[in-house]
Structures are given as structure tokens and as C-alpha cells.
Amino acid sequence: MANLLPPLSYPADGEQAFHLELKRRAHAYLSGRGDHRFADAARWAKAIVLLLLCVGFYLLSLAQQQALAFMLCYFAFVMMGMLLNVNVNHDASHNAFARTPWVNRLAGRLVTIPLGVDPDYWRTRHVSYHHVYANVEHYDLDTEENGFFRQTPFQRWRKHMRYQHLYWPLIAALSLPYIALVFDWSDRLGKTPLAAEAVLAGRKGWAVFVASKICHLLVVLAIPLFVCQQNGIGWPTVLIAYLLSQMLASLLVVFLLLGTHWAQAEFYAVPEGGKMPQGWYRHNFATACDWETAPKWLQHLTGGLNYHLTHHLFPGWNHRHYPALATMLAEIATRHGMDYRCIGYRELLNQQQRFLRTMGQPPQ
């Protein structure tokens with residue numbers, strides 16, 4: 001059983017005026033439009049189109065008799081699954097896609113099948129730990145020490161980390177498979193702080209967890225192996241397609257998140273007495289940033305992940321609102337002395353590389 005983490009607290013830190021103005025402006029924004037914070041018809045339509053494309057490319061891949069055609073269709077199937085997770089499951093994990101919680105849970109359970117990640121454990125890690133304690137050592141489970149990648153100044157340095165700015169794409173490509181194969185099972189077996197959360201409790205929870213894992217392997221591996229054998233495509237082709245597509249999907253997800261919590265960001269050790277050194281808003285401004293897509297229309301595919309700071313301050317809002325909320329946030333932050341950062345993607349890449357190089361150097 002893993003050690004349970006005691007909760008940390010954030011001081012008021014004079015943020016009340018900022019909080020009240022931000023919430024008032026956000027409420028006025030919705031009221032003025034006669035709108036709500038969930039997905040609208042356009043976002044539902046996008047989800048349906050992505051779902052149809054995902055299923056369509058999957059069926060098309062099973063109909064192929066040439067290895068290259070199969071692999072291209074199969075890659076497209078997994079990429080559509082990745083986009084479904086970015087555009088639907090991320091919002092659904094915050095109950096910001098549908099108004100009804102069980103619809104969000106069902107959507108998350110379905111769209112994660114192509115990637116094999118358990119949506120309930122991922123949601124708990126993401127919502128209850130990363131969002132509450134971003135960049136706090138041992139509390140932000142997204143930056144857990146792993147021996148391959150040094151992500152914070154408080155983690156042990158190893159010689160091979162001198163080159164982590166070069167080999168990071170391989171680590172990024174293995175991130176989602178690692179979550180599915182290691183994190184999920186560690187969480188399920190009570191080896192992590194999630195043991196206190198009672199996620200998927202009891203026999204029913206085990207049944208749902210195992211059934212989802214089997215469904216993933218059945219859909220993305222077993223059925224293609226069987227059908228492709230009948231179509232004259234050998235099992236090595238299917239296995240290679242499965243492994244490479246999972247890695248490519250993982251790499252693309254990490255590229256969307258790339259550096260948002262690294263670019264000129266602060267990191268925190270566990271504070272003595274369990275009290276953080278600054279308020280919750282200042283903590284988020286210090287640990288995340290927004291970035292701009294180029295061209296602009298690409299933001300329709302990012303699921304709002306480029307507005308990452310905005311998402312951290314408005315996690316219960318569908319990503320369709322983030323551009324307006326980011327504009328509002330930048331204006332209000334200036335008046336209240338908050339450091340709102342929105343940078344270009346090229347600058348994000350540069351800052352990410354500088355961060356990895358710095359973390360790859362031996363501590364002084």
C-alpha cells in the first residue's frame with residue numbers, strides 16, 4: 001500500500017479581489033450570450049464526426065489486403081481516437097462536456113478504448129492531483145520521478161539525463177502506453193496515492209477495469225490480427241501498426257502539452273506544515289502558461305490544451321470558451337499584478353528545450 005498524501009493548503013494571499021472580478025466577468029460573459037459552460041451543438045457535431053471517422057477508418061483497415069494500406073488506415077483510426085480523447089475525454093473528465101455526469105463517464109469509457117488508458121484512474125490523477133497540486137513534488141502525479149526523465153529540480157540526477165533534451169521524444173512516445181500498462185495497474189493494485197480515492201471500488205470496479213483492458217486489446221489487436229490473417233496480411237504487420245500507432249498518438253498528445261508546465265515555470269517541494277507559499281491563483285500563474293496555435297484554426301483540434309493556464313483556472317468549462325476566457329484573464333491579470341503568459345509555439349519549444357537541458361545538468 002502506498003503512503004497516503006496529506007492535503008496541502010493555499011493561503012488567501014490577497015487574491016480575493018482577483019477571484020471576485022474573474023468570476024463576475026465569467027458569469028457576465030455567459031449571461032450576456034445566454035450560454036452555458038458545457039459543449040454546444042458544434043462541439044457535439046465535432047465529436048460525432050471524429051467518432052464516425054474513428055470507426056470508419058477502423059473498418060476500412062480491416063478490409064485492406066495490402067500491408068501499407070492497412071497500416072495507413074489503422075494509423076488514421078488510432079489518430080482519430082487520440083483526437084476524441086483530446087476533444088471529448090479531457091472535457092468529460094472535468095464534467096464539462098455533457099451536463100449529465102454519467103454521460104461524461106460513458107463518453108470517457110468509450111473514447112479511451114483505442115488508447116487503452118483507464119478513464120477513471122486517469123481522471124482522478126488529473127483532476128484530484130495534477131490540477132490541485134501542479135508542479136508540487138510527490139503531489140503532482142504527472143511529474144513523478146521515473147529514473148529516465150528529470151522533470152523537477154528535486155529529483156535525483158543520473159548521468160544519462162545529460163541527453164534527455166535529445167531522447168525526450170522517445171519518452172513522450174511511450175507516455176500513454178506507460179500510463180496504460182504501469183500507472184493504471186499500479187493504481188488498481190493500490191500501490192499509489194490513489195488508493196485513498198476508492199476509484200472503481202470492489203468487484204464491480206475490477207470487472208469494469210479488466211473488461212476495458214480486454215476490450216482495448218480485442219478491438220485494436222485481436223480482431224485485426226484475426227481478420228488480417230484472412231486477408232493475407234501477416235501478424236508482424238499488425239503488431240508493428242499497433243505499437244507504432246500507440247507511440248505516435250502518445251507523441252502527438254505530449255506535443256500539445258509540451259512545456260506548458262515547464263516554460264519558465266516554478267517547482268515546489270512539499271512545504272513544511274502543509275501550507276503552500278502562495279495563493280492558489282498565483283500558484284497556477286507560476287506553474288502554467290497558454291500558447292498560441294499557428295495557424296489559428298489548429299486550435300479547433302487541440303481541445304483547448306494550448307490554453308492550458310486558462311484551463312487550470314476554468315477546468316469546469318468546455319474548451320470552446322477558452323479563447324474568450326483567455327482574453328478576459330489577460331486583462332484582469334494585468335490589473336491585479338498577476339503574470340499571465342501566452343507565448344507562441346516556437347517559443348514554447350525553445351523554452352522546453354532550455355528546461356530539459358537545465359534539468360539534465362548535474363545539481364551544483
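Note that this is a predicted model, so its numbers are computed, not measured.
In the hydrophobic clustering of ILVMFWY residues, with side-chain heavy atoms under 4.5 Å counting as a link, Ile113 and Leu62 come out together. Following chains of ILVMFWY side-chain contacts shorter than 4.5 Å, one can reach Val78 starting from Leu248, so the two form part of one hydrophobic cluster. Both Leu83 and Val49 belong to a single network of hydrophobic side chains, linked directly or stepwise wherever heavy atoms of I, L, V, M, F, W or Y lie under 4.5 Å apart. Taking hydrophobic clusters as Ile, Leu, Val, Met, Phe, Trp and Tyr residues chained together by side-chain heavy-atom distances below 4.5 Å, Val111 shares a cluster with Trp44. Hydrophobic cluster membership differs between Leu305 and Val127, with clusters built from Ile, Leu, Val, Met, Phe, Trp and Tyr side chains linked at under 4.5 angstrom.
The two residues Val88 and Ala47 have their closest heavy-atom pair at CG2-CB, 3.6 Å. Contact detail for Trp317 and Ala96: the closest heavy-atom pair is C-CB, 3.7 Å. For the residue pair Ala173 and Ser250, the shortest heavy atom distance occurs at O-CB, 3.2 Å. Of all heavy-atom pairs between Ser93 and His126, the closest is OG-CD2, 4.2 Å.
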Walk me through it: do His36 and Leu30 pass the test side chain to side chain contact (heavy atoms under 4.5 Å, CB included)?
CA-CA 6 Å; His36 52 78; Leu30 278 186; 5.7 Å; no

Walk me through it: do Tyr340 and Asp290 pass the test side chain to side chain contact (heavy atoms under 4.5 Å, CB included)?
CA-CA 8 Å; Tyr340 172 77; Asp290 288 347; 2.7 Å; yes

Thr124 and Glu197: CA distance, side-chain angles, deciding distance, side-chain hydrogen bond (donor to acceptor under 3.5 Å, both in side chains) verdict
CA-CA 8 Å; Thr124 305; Glu197 306 291 339; over 6 Å; no

Please lay out, stage by stage, how Arg282 and Glu266 fare under the test salt bridge (Lys or Arg N to Asp or Glu O under 4.0 Å).
CA-CA 11 Å; Arg282 285 191 171 85; Glu266 298 293 331; over 6 Å; no

For a salt bridge (Lys or Arg N to Asp or Glu O under 4.0 Å) check, start with the C-alpha distance between Asp40 and Arg33, then their side-chain angles and the critical distance, and finish with the verdict.
CA-CA 13 Å; Asp40 59 0; Arg33 293 161 51 98; over 6 Å; no

Derivation and outcome, side chain to side chain contact (heavy atoms under 4.5 Å, CB included), residues Phe314 and Leu22
CA-CA 10 Å; Phe314 293 92; Leu22 187 62; 3.7 Å; yes

Please determine whether side chain to side chain contact (heavy atoms under 4.5 Å, CB included) holds for the pair Glu292 and Asn306, giving the CA-CA distance in whole Å, both sets of side-chain angles, and the decisive distance to 0.1 Å.
CA-CA 6 Å; Glu292 298 176 334; Asn306 59 301; 5.9 Å; no

Hey, mind stepping through Asp184 and Lys213 against salt bridge (Lys or Arg N to Asp or Glu O under 4.0 Å) and telling me if it holds?
CA-CA 10 Å; Asp184 281 355; Lys213 294 296 184 183; 2.7 Å; yes

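Between Trp235 and Tyr242, the distance separating the two ring centers is not shorter than 6.0 angstrom. Annotation: His130 is in aromatic contact with His312 [ring centroid separation under 6.0 Å].
Between the side chain of Arg150 and the backbone N or O of Pro153 there is at least one donor-acceptor pair closer than 3.5 Å. Not one N or O on the side chain of Lys46 forms a donor-acceptor pair closer than 3.5 Å with the backbone of Asn87. Side chain of Tyr139 to main chain of Pro6: a donor-acceptor pair is present (N/O by atom type, distance under 3.5 Å, no hydrogens or angles). When atom types are taken as modelled, the side chain of Ser31 and the backbone of Ala28 share no donor-acceptor pair closer than 3.5 angstrom. Between the Arg25 side chain and the Ile332 main chain, no donor and acceptor come within less than 3.5 Å of each other. Looking only at distances, no side-chain donor or acceptor of Arg99 sits under 3.5 Å from a matching main-chain atom of Phe38.
The pair Glu144-Arg125 meets the salt-bridge criterion, with a side-chain N (NZ, NE, NH1 or NH2) lying under 4.0 Å from an Asp/Glu carboxylate O.
Note that the CD atom of Glu145 and the CD atom of Glu137 stand 7.0 Å from one another [nearest 0.5 Å]. One finds the OG atom of Ser186 at 7.0 Å from the OH atom of Tyr178 (value rounded to the nearest 0.5 Å). Atom CG of residue Leu84 and atom OG1 of residue Thr112 lie 10.5 Å apart, to the nearest 0.5 angstrom. Rounding to the nearest 0.5 Å places CZ of Arg357 at 6.5 Å from CG of Leu166. Atom OG1 of Thr237 and atom CE of Met71 lie 6.5 Å apart (nearest 0.5 Å). With values rounded to the nearest 0.5 angstrom, Phe285 atom CZ is found 9.5 Å from Trp280 atom CH2.
Within the structure, side chain to side chain donor-acceptor pair (under 3.5 Å) pairs that include any residue of residues 53-77 do not occur (at least two apart or interchain).
Annotation: side chain of Pro11 is not in contact with side chain of Gln278 (no heavy-atom distance under 4.5 Å). Using a 4.5 Å heavy-atom threshold, the side chains of Arg188 and Asp118 count as separate. Residues His321 and Tyr307 are not in side-chain contact: their nearest non-hydrogen atoms beyond the backbone lie 4.5 Å or more apart. Side-chain contact between Thr192 and Leu141 is absent, with no heavy-atom pair separated by less than 4.5 Å. The shortest side-chain heavy-atom distance between Leu257 and His308 falls under the 4.5 Å cut-off. For the pair Phe149 and Gln151, the minimum side-chain heavy-atom distance is below 4.5 Å. Taking the side chain as every heavy atom from C-beta outward, Leu313 and Tyr281 approach each other to under 4.5 Å. Put simply, the side chain of Asp35 reaches to within 4.5 Å of the side chain of Arg320, judged on heavy atoms.
For Tyr167, the OH atom is densely surrounded, since the number of other residues' heavy atoms within 6.0 Å is greater than 12.
Between Phe267 and the choices Trp262, Phe355, Phe154, the ring-ring contact (aromatic ring centres under 6.0 Å, His included) rule is met once, by Phe355. For the ring-ring contact (aromatic ring centres under 6.0 Å, His included) with Tyr268, the qualifying choice from His138, His261, His283 is His283, the only one to do so.
Aromatic ring orientation, Phe148 versus His160: tilted (interplanar angle from 30° to 60°). The aromatic rings of Tyr133 and Tyr10 lie parallel to each other, with less than 30° between the two planes, well short of the 60° mark. Using cut-offs of 30° and 60° for the angle between ring planes, the Phe255 and Tyr345 rings count as tilted.
When only modelled atom types and interatomic distance are considered, Tyr129 and Asp142 share no side-chain donor-acceptor pair under 3.5 Å.
Taking the ring axis of Phe183 as reference, the NZ or CZ atom of Lys191 does not stay both within 45° of it and closer than 6.0 Å to the ring centre.
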